[in-house]
S.K.: 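I'd like to ask some things about the structure below.
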Amino acid sequence: MRTVEIKEGAIDGILEDLLKRSPNNYTEYESTVKEILSDVRENRDQAVFSYTKKFDKAELTADNIEVTEQEIEEAYKEVDAGLLEIIRKSLRNIRDFHEKQRQNSWFDAQPDGTLLGQKVTPLNKVGVYVPGGKAVYPSSVLMNIVPAKVAKVPNIYMCTPPNAEGKVTATTLVAAKEAGVDRVFKCGGAQAIGAMAYGTESIPKVDKIVGPGNIFVALAKKAVYGHVSIDSIAGPSEILVIADETANAHYVAADLLSQAEHDELASAILVTTSKELAAKVEEEIEGYLKVLSRAEIIRKSLDNYGYILVTQDINEAVEVANAIASEHLEIVTKDPFYVMTKIQNAGAIFLGEYSSEPLGDYFAGPNHVLPTNGTAKFFSPLSVDDFIKKSSVIYYSREALEPVSEDIIKFATSEQLTAHANSIRVRFES
């Protein structure tokens with residue numbers, strides 16, 4: 001990790017470095033993704049079967065592309081009973097948190113004969129993408145399906161790549177079933193995004209696609225945006241820890257590495273007011289690297305995008321954190337709640353030394369699908385809001401419209417939209 005004392009202009013170079021990890025910078029893959037999407041749009045199922053054979057080595061047909069109830073039953077037999085109970089506990093926490101986000105339609109009627117309101121309607125069809133292969137994340141299955149279920153989306157479909165035998169990972173299937181998925185398809189990569197965006201003979205077209213994936217999935221989601229809605233273009237994982245001299249270096253180092261182990265593009269940043277803590281954390285990291293199983297990935301991640309930033313005071317530390325706008329932000333200071341009030345930009349905020357980032361990943365309840373690459377400045381975590389849409393409702397009686405009719409006519413005329421003005425005028429002609 002690079003240790004940098006924050007001086008004027010230093011943070012700009014760090015931000016530029018971190019933004020190199022954005023999927024928007026991997027334009028060399030865009031032509032490949034475009035070709036796959038075009039093929040799926042034109043040839044539908046046959047294109048999906050062909051790419052699944054090419055990339056996943058699995059033989060798919062219209063008869064076996066959808067996961068059956070029997071396959072789900074078999075998956076339950078493969079999952080450890082203890083893990084199943086943990087999945088269910090986590091699911092309850094996630095559901096309870098997201099229930100509090102639910103919105104209701106509202107209407108405001110006035111004595112003058114006007115009624116204004118907002119009608120809240122769930123999306124009709126949502127597609128959830130779940131990675132396969134070496135990456136098996138039942139926690140992400142829960143985080144993407146549960147808020148859609150709470151929003152009362154009637155049709156929730158999941159796409160995930162099969163192995164060479166045409167099977168889907170057991171824990172993925174069990175988590176999806178527990179969360180309330182309606183249908184599961186054996187399909188991965190950019191071709192799965194295309195299938196959900198355009199529809200094929202076997203896979204229905206959806207209204208929105210959510211869920212993480214590799215660079216091809218991310219670029220495919222970006223390309224189909226407009227045909228469907230998407231949650232976000234997810235970048236590599238990241239954590240930023242604000243710590244002062246009271247922090248436990250052993251804990252801080254462990255938390256930084258919890259994100260660095262994701263992949264070589266992950267970012268782990270410590271922002272501290274204490275040079276002594278900075279040195280201790282570096283020492284602790286070296287100790288952990290001797291025993292952790294993914295030490296090689298962690299070391300490359302830290303070499304590429306790991307920083308220890310030393311600030312003059314806690315206010316400067318907050319400024320740095322707000323500028324970086326990290327996906328995960330831990331505050332391990334003397335008064336973390338006070339520091340939290342000054343934070344403007346973060347995906348999720350963890351307060352105190354016992355609220356480490358994995359608590360949010362797996363169990364606490366708030367969603368772990370979070371904005372990355374500085375987008376926490378304008379994006380929010382995945383929520384029930386992502387699975388609803390809102391319609392404005394307007395009602396005016398004749399008695400309510402008449403007093404304001406001339407105002408509307410004049411406004412429309414000022415914009416030279418005479419048909420707009422006429423639409424109001426004709427209602428009051430003698």
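The residues of the chain are indexed from 1 along the displayed sequence.
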S.K.: Which atom names give the shortest non-hydrogen contact between Ile233 and Ala218, and what distance separates them?
M.R.: CD1-O, 3.7 Å
S.K.: Taking all heavy atoms of Val40 and all of Ala195, pick out the closest pair and write down the distance.
M.R.: CG1-N, 3.6 Å
S.K.: Mind checking what makes salt bridge (Lys or Arg N to Asp or Glu O under 4.0 Å) contact with Lys205, not counting sequence neighbours?
M.R.: none
S.K.: Under the salt bridge (Lys or Arg N to Asp or Glu O under 4.0 Å) rule, what do Glu99 and Arg102 come out as? Steps first, then yes or no, please.
M.R.: CA-CA 6 Å; Glu99 287 278 1; Arg102 185 181 285 162; 3.2 Å; yes
S.K.: Is there a donor-acceptor contact under 3.5 Å from the side chain of Gln191 to the main chain of Gly188?
M.R.: yes
S.K.: Under the ring pair (Phe, Tyr, Trp, His ring centres under 6.0 Å) definition, can you give me all pairs with a residue in residues 246-285, not counting sequence neighbours?
M.R.: His250-Tyr288
S.K.: Excluding sequence neighbours, so at least two apart, what forms side-chain contact (heavy atoms from CB on, under 4.5 Å) with Thr246?
M.R.: Asp244, Lys334
S.K.: Between Lys186 (side chain) and Gly166 (backbone), is there a donor-acceptor pair under 3.5 Å?
M.R.: yes
S.K.: Will you find, in the side chains of Ser383 and His98, an N or O donor that is under 3.5 Å from an N or O acceptor?
M.R.: no
S.K.: How close do Met143 and Asn367 get, heavy atom to heavy atom, and via which atoms?
M.R.: O-ND2, 2.8 Å
S.K.: For the backbone of Lys125 and the side chain of Asp207, can you confirm whether one donor and one acceptor N or O come within less than 3.5 Å of each other?
M.R.: yes
S.K.: Got a sec, which residues hit salt bridge (Lys or Arg N to Asp or Glu O under 4.0 Å) with Glu85, two or more places apart in sequence or on another chain?
M.R.: Arg92
S.K.: Using the side-chain contact (heavy atoms from CB on, under 4.5 Å) criterion, which residues pair with Lys57? Sequence neighbours excluded.
M.R.: Ala164
S.K.: Does any donor atom in the side chain of Ser301 or Glu264 lie under 3.5 Å from an acceptor atom in the other side chain?
M.R.: no
S.K.: Do side-chain atoms of Asp45 reach the backbone of Ser202 as a donor and acceptor pair under 3.5 angstrom?
M.R.: yes
S.K.: If the condition is side-chain contact (heavy atoms from CB on, under 4.5 Å), which residues does Gln110 pass it with, not counting sequence neighbours?
M.R.: Asp108, Asp112, Thr114
S.K.: Output yes when a side-chain donor or acceptor of Gln101 lies under 3.5 Å from a complementary backbone atom of Val384, and no otherwise.
M.R.: yes
S.K.: Any ring pair (Phe, Tyr, Trp, His ring centres under 6.0 Å) pairs touching residues 156-191, not counting sequence neighbours?
M.R.: none
S.K.: Any Lys/Arg nitrogen of Arg2 or Asp303 sitting under 4.0 Å from an Asp/Glu carboxylate oxygen of the other?
M.R.: no
S.K.: Consider only side-chain N and O atoms of Tyr51 and Asp39, and report whether a donor and an acceptor are under 3.5 Å apart.
M.R.: yes
S.K.: Looking at Asp56 and Ala58, would you say the former's side chain and the latter's main chain have a donor-acceptor pair under 3.5 Å?
M.R.: no
S.K.: Going by the rule salt bridge (Lys or Arg N to Asp or Glu O under 4.0 Å), which residues pair with Asp386 if we only count those two or more places apart in sequence or in a different chain?
M.R.: Lys208
S.K.: Does the side chain of Glu238 come under 3.5 Å of the side chain of Thr372 through a donor N or O and an acceptor N or O?
M.R.: no
S.K.: I'd like to know if the side chain of Asn163 reaches the main chain of Glu165, judged simply by a donor and an acceptor atom lying under 3.5 Å from each other, with no hydrogens or angles considered.
M.R.: yes
S.K.: Between Thr68 and Glu71, is any side-chain donor less than 3.5 angstrom from a side-chain acceptor?
M.R.: yes
S.K.: Assess, by modelled atom type and distance only, whether the side chains of Asn155 and Asn124 contain a donor and an acceptor separated by less than 3.5 Å.
M.R.: yes
S.K.: Is there a donor-acceptor pair closer than 3.5 Å between any side-chain N or O of Lys377 and the backbone N or O of Ala323?
M.R.: yes
S.K.: Please name all residues satisfying salt bridge (Lys or Arg N to Asp or Glu O under 4.0 Å) with Glu284, sequence neighbours left out, ordered by chain then number.
M.R.: none
S.K.: Among residues two or more places apart or on two chains, list those pairs meeting ring pair (Phe, Tyr, Trp, His ring centres under 6.0 Å) that have a residue in residues 309-351.
M.R.: none
S.K.: Does either side chain, that of Gln103 or that of Asp385, offer a donor lying less than 3.5 Å from an acceptor on the other one?
M.R.: yes
S.K.: Sort out for me which residue in Val217, Val369, Val130, Asn144 forms a side-chain contact (heavy atoms from CB on, under 4.5 Å) with Pro212.
M.R.: Asn144
S.K.: In chain order, what residues pass the ring pair (Phe, Tyr, Trp, His ring centres under 6.0 Å) check against His227, with sequence neighbours excluded?
M.R.: Tyr198
S.K.: What's the shortest heavy-atom distance between Cys187 and Pro162, and which atoms?
M.R.: N-CD, 4.1 Å
S.K.: Output all residues satisfying side-chain contact (heavy atoms from CB on, under 4.5 Å) with Glu245, sequence neighbours left out; order by chain, then residue number.
M.R.: Thr273, Ser274
S.K.: Ignoring hydrogens and geometry, is there a side-chain-to-backbone donor-acceptor pair from Glu357 to Asp255 under 3.5 Å?
M.R.: no
S.K.: Ignoring hydrogens and angles, tell me if any N or O in the side chain of Ser90 forms a donor-acceptor pair with the backbone of Ile86 under 3.5 Å.
M.R.: no
S.K.: Can you name the closest pair of heavy atoms from Leu351 and Pro336 and give their distance?
M.R.: CD2-O, 3.7 Å
S.K.: Decide, yes or no, whether a salt bridge links Glu276 with Lys280 under the criterion of side-chain N to carboxylate O below 4.0 Å.
M.R.: yes
